[in-house]
Amino acid sequence: MAEPILEVSGLVKHYPLTRGIVFRKHVGAVKAVDGVDFRLDRGETLGIVGESGCGKSTVAKMLVNLERPTAGSIRWKGEDITRLSGRALKTVRRNIQMVFQDPYTSLNPRMTVGDIIGEPYDIHPEVAPKGDRRRRVQELLDVVGLNPEYINRYPHQFSGGQRQRIGIARGLALRPEVIVADEPVSALDVSVQAQVINLMDRLQSEFDLSYVFIAHDLSIVRHISDRVGVMYLGRIVETGTDTEIYDHPTHPYTQALLSAVPVPDPRAREHRERIVLTGDVPSPTNIPSGCRFRTRCWKAREKCAVEVPALAVPPWFAETGGPAAHDSACHFAEEKQVVPAEEGRG
Ligand SMILES: Nc1ncnc2c1ncn2[C@@H]1O[C@H](COP(=O)(O)OP(=O)(O)O)[C@@H](O)[C@H]1O
Ligand SMILES: [Mg+2]
């Protein structure tokens, strides 16, 4: 087994819902993240996928310490970072950096690119002494494929793809070991998405990085992920290697998501089954009992309303082994090939 660099266990973030301005009355909670477990091994990419509102950004913010978990632990090389403070916390923060979703709003328009990329050195001057910064920032621009002479320009002078390269350069400034990328290409044109993903792929081997790569669409993470976790309403419902998830999904929600991925080949399109989910995603203030996916699941039975399915290898697959034997939180997990394996690849 590889060495885990991050281990997340029982992670919860509930935002209290209050009514009234003077007398704030507690009237419930937004269960944005409601019990998430995963591990990230050194040098690997874990893709986290799920529809908008399922809690992906909240997980990302807890990983980089922008939000404090309501419960659960985040272990960095064995140490729970949710309990750290002072110097120890600062060291961990340096090592886990975030790349944000929208390069149009996440870069300060009044700062030059040089100041944006070099800003992390204000907090961590030990990484780059003052006299050394300009050279470092220029090196970072070069590393992400931008002209080092652009150092004095402002964000509006760049395209969306270039801005995301600036965001990535900033994320690399402190030489972190982990990058949490929250939908880094969702705001970009399709033609530019692949370039940014290829860049991240190259940087990963160059700088020995581990990635948590978040997306709302399974097709985006396929090429970059070693393993994938599928999220629904604040929880991971299925997790496995890319082959296990894409070619042998066993959770109905993953199967539905895969059936929505466009298939370019018309022959392949004919062969596959289209799963259309009924109803809307329930509100995270009012999560269904038992299996949280049951209100939209075509397989739901009585047991699903009563018993929360654990994220584990279903015993009937554990017995036979093979690619269907991976973690799936479904009482009736069943293999279903949604995208024909050959055509679906690539
Ligand atoms: N600060 C907050 N206060 C209250 N609710 C929040 C807050 N941040 C996020 N939420 C809610 O938590 C849920 C998950 O949000 P988010 O993590 O942004 O999902 P995703 O990134 O998957 O789209 C959503 O219902 C969202 O409205
Ligand atoms: Mg988000």
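Order of listing sets the numbers, starting from 1, for every ligand and every atom in it.
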Do Glu51 and Arg296 pass the salt bridge (Lys or Arg N to Asp or Glu O under 4.0 Å) test, and can you show the C-alpha distance, the side-chain angles, and the key distance before you say yes or no? CA-CA 14 Å; Glu51 286 164 290; Arg296 299 172 80 198; 3.5 Å; yes
Between Glu206 and Arg202, does a salt bridge (Lys or Arg N to Asp or Glu O under 4.0 Å) hold up when you go through it step by step? CA-CA 6 Å; Glu206 220 170 296; Arg202 176 170 65 76; 2.9 Å; yes
Kindly determine whether Asp208 and Arg175 satisfy salt bridge (Lys or Arg N to Asp or Glu O under 4.0 Å), including the steps that lead there. CA-CA 10 Å; Asp208 198 17; Arg175 295 297 309 266; over 6 Å; no
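Distance screen at 4.0 Å: atom 22 (O) of ligand 1 has a protein heavy-atom neighbour inside the cut-off. For atom 26 (C) of ligand 1, no protein heavy-atom neighbour is present inside the 4.0 Å cut-off.
Heavy-atom separations between Gly50 and ligand 1 are all 4.0 Å or longer.
Between Thr58 and ligand 1, at least one pair of N/O atoms sits closer than 3.5 Å. At least one N or O atom of Cys54, backbone or side chain, sits closer than 3.5 Å to an N or O atom of ligand 1. Of the N or O atoms in Glu183, none lie within a sub-3.5 Å distance of an N or O in ligand 1.
A donor-acceptor pair shorter than 3.5 Å cannot be found between the side chains of Glu334 and Thr250.
Protein heavy atom closest to atom 12 (O) of ligand 1, with residue, atom name and distance, is Ala32 CB, 3.2 Å. Closest to atom 9 (C) of ligand 1 among all protein heavy atoms lies Tyr15 CE1, 3.8 Å. Of the protein's non-hydrogen atoms, the one nearest atom 24 (C) of ligand 1 is Gly53 O, 3.8 Å. Given atom 11 (C) of ligand 1, the protein heavy atom at minimum distance is Val30 CG1, 3.7 Å. For atom 19 (O) of ligand 1, the closest non-hydrogen atom on the protein side is Gly55 N, 3.2 Å.
For ligand 1, the atoms closer than 4.0 angstrom to any heavy atom of Ser57 are 17 (O), 18 (O), 20 (P), 21 (O). Residue contact check: Ser52 has heavy atoms under 4.0 Å from atoms 23 (O) of ligand 1.
The closest donor-acceptor contact from the side chain of Ser225 to the backbone of Val228 lies at 3.5 Å or more, if one exists at all. Counting only distance, with no hydrogens or angles, the side chain of Asp189 and the backbone of Ser191 share no donor-acceptor pair below 3.5 Å.
In this structure, Arg292 fails the cation-pi test against Tyr232, since its NZ or CZ atom is not both closer than 6.0 Å to the six-membered ring centre and inside 45 degrees of the ring normal.
Not one N/O/S atom of Ser52, from backbone or side chain, sits under 2.8 Å from the Mg ion (ligand 2).
With salt bridges taken as basic N to acidic carboxylate O contacts below 4.0 Å, one links Asp122 and Arg133. Look at Arg227 and Glu244 and you find no salt bridge, because none of the NZ, NE, NH1 or NH2 atoms lies under 4.0 Å from a carboxylate O. Checked for salt-bridge contact, Asp132 and Lys130 miss the test: no charged N lies under 4.0 Å from a carboxylate O.
In Pro284, the part holding a heavy atom less than 4.0 Å from any atom of ligand 1 is the side chain.
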